[in-house]
Amino acid sequence: MRKAIIPAAGLGTRFLPATKAMPKEMLPLIDRPAIQYVVEEAVRAGLTDIVMITGRNKRALEDHFDREPFLEQSLANKGDLSKLAAVQKSSMLADIHYLRQGDPLGLGHAVLKARKHIGNEPFAVLLGDDLLDEQDEILNEMADVQRLTGGSVVALMEVHPSEISAYGCADATQTAGKHLRIKGLVEKPNPSTAPSNLAVIGRYVLHPRIFDILAETPPGRGGEIQLTDALQTLAVAEGPGSGVYGVVFRGRRFDTGDKLSYLKAIFTLALEHVDLGPGIREWLDESLLPVP
Ligand code: G1P
């Protein structure tokens with residue numbers, strides 16, 4: 001597997017007005033935009049052919065992953081080699097292609113847009129808001145399960161039952177292996193009727209048969225074409241490429257599309273940062289001292 005789709009066409013309304021003129025994917029986490037962490041995760045899993053699905057006001061994404069000759073020259077002239085390397089790195093990470101979604105018809109529609117580029121091979125989808133621990137190798141595990149089963153694979157995470165209405169939810173059973181077999185999927189269910197507390201998080205390894213199904217999937221929750229609905233069809237289908245499986249993620253995840261989770265991500269990364277860690281820890285210790 002070499003190809004990945006990164007949908008990045010969302011409007012980022014939760015961060016307005018910061019995202020009025022800037023894509024939400026460019027919000028920084030320390031010194032890298034959030035989207036770069038996701039591209040780096042794809043590259044670590046060997047996915048170096050990336051299709052980013054964008055829309056209006058997303059030009060900064062293309063600029064970020066492009067060369068910037070004047071800036072590079074100026075840093076080289078100053079002898080600032082570490083910044084030069086950092087600037088060059090984002091343009092050399094992967095082969096990134098850009099497609100505009102056009103109509104904002106949902107995640108399923110965004111994935112379908114990349115059909116011609118992906119062709120007839122399994123591929124990954126990484127949602128830009130989900131920031132996973134750099135140490136975790138869930139995509140590799142999911143690719144193994146895809147090879148083993150010949151179906152499609154989603155990443156799952158146990159959440160508090162009250163939170164399930166923010167996610168796709170899976171009805172799953174254990175298999176003999178480490179993965180789960182998914183019997184059903186429902187997008188953003190009411191907690192009282194949700195089949196489980198297993199949430200779909202933003203990593204998928206999909207069989208290309210999903211494209212035929214997406215093309216036939218009617219708008220679902222929120223009037224959008226839902227990837228979850230297409231996966232539900234695939235879960236109960238027969239024949240080649242059918243079947244949906246789950247790998248449970250137990251590591252650290254932040255939803256950088258949510259303000260509180262975004263802040264937690266920044267503090268966590270800062271605490272682990274070699275230069276910033278000691279300073280932020282000291283400041284936090286002082287700030288958290290009980291008021292005398
Ligand atoms: C999307 C998917 C949902 C999934 C979630 C993970 O929802 O539709 O099934 O659980 O991502 O982050 P969104 O967060 O875009 O509303």
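In each ligand, atom 1 is the first atom listed, and ligand 1 is the first ligand listed.
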Nearest protein heavy atom with distance in Å, relative to atom 8 (O) of ligand 1: Glu187 OE2, 2.7 Å
Pro278 versus Val274, closest heavy-atom pair with distance: CD-O, 3.8 Å
Output field: ring centroids Phe211/Phe123 closer than 6.0 Å: yes
Proximity of Leu127 to ligand 1 by residue part, where a heavy atom lies under 4.0 Å: side chain
Heavy-atom nearest neighbour in the protein, as seen from atom 5 (C) of ligand 1, with distance rounded to 0.1 Å: Val200 O, 4.0 Å
Option passing side chain to side chain donor-acceptor pair (under 3.5 Å) with Lys24 (candidates Thr19, Asp129, Asn57): Asp129
Those atoms of ligand 1 less than 4.0 Å from some heavy atom in Gly168: 3 (C), 4 (C), 9 (O), 10 (O)
Listed partners of Thr175 passing side chain to side chain contact (heavy atoms under 4.5 Å, CB included), at least two apart: His179, Arg181
Contact atoms of ligand 1, heavy-atom distance to Asp130 under 4.0 Å: 12 (O)
Option among Lys58, Arg56, His109 that satisfies the side chain to side chain donor-acceptor pair (under 3.5 Å) test with Gln101: His109
Sequence neighbours excluded - side chain to side chain donor-acceptor pair (under 3.5 Å) pairs with any residue from residues 199-211: Glu41-Arg203
Sub-4.0 Å atoms of ligand 1 with respect to non-hydrogen atoms of Thr228: 9 (O)
Flag: protein heavy atom within less than 4.0 Å of atom 15 (O) of ligand 1: no
Atom 13 (P) of ligand 1: nearest protein contact (heavy atom, Å): Lys188 NZ, 3.7 Å
Per-atom contacts, ligand 1 versus Arg253 - under 4.0 Å to a heavy atom: 12 (O)
Parallel, tilted or perpendicular: ring planes of His117 versus His97, cut at 30 and 60 degrees: tilted
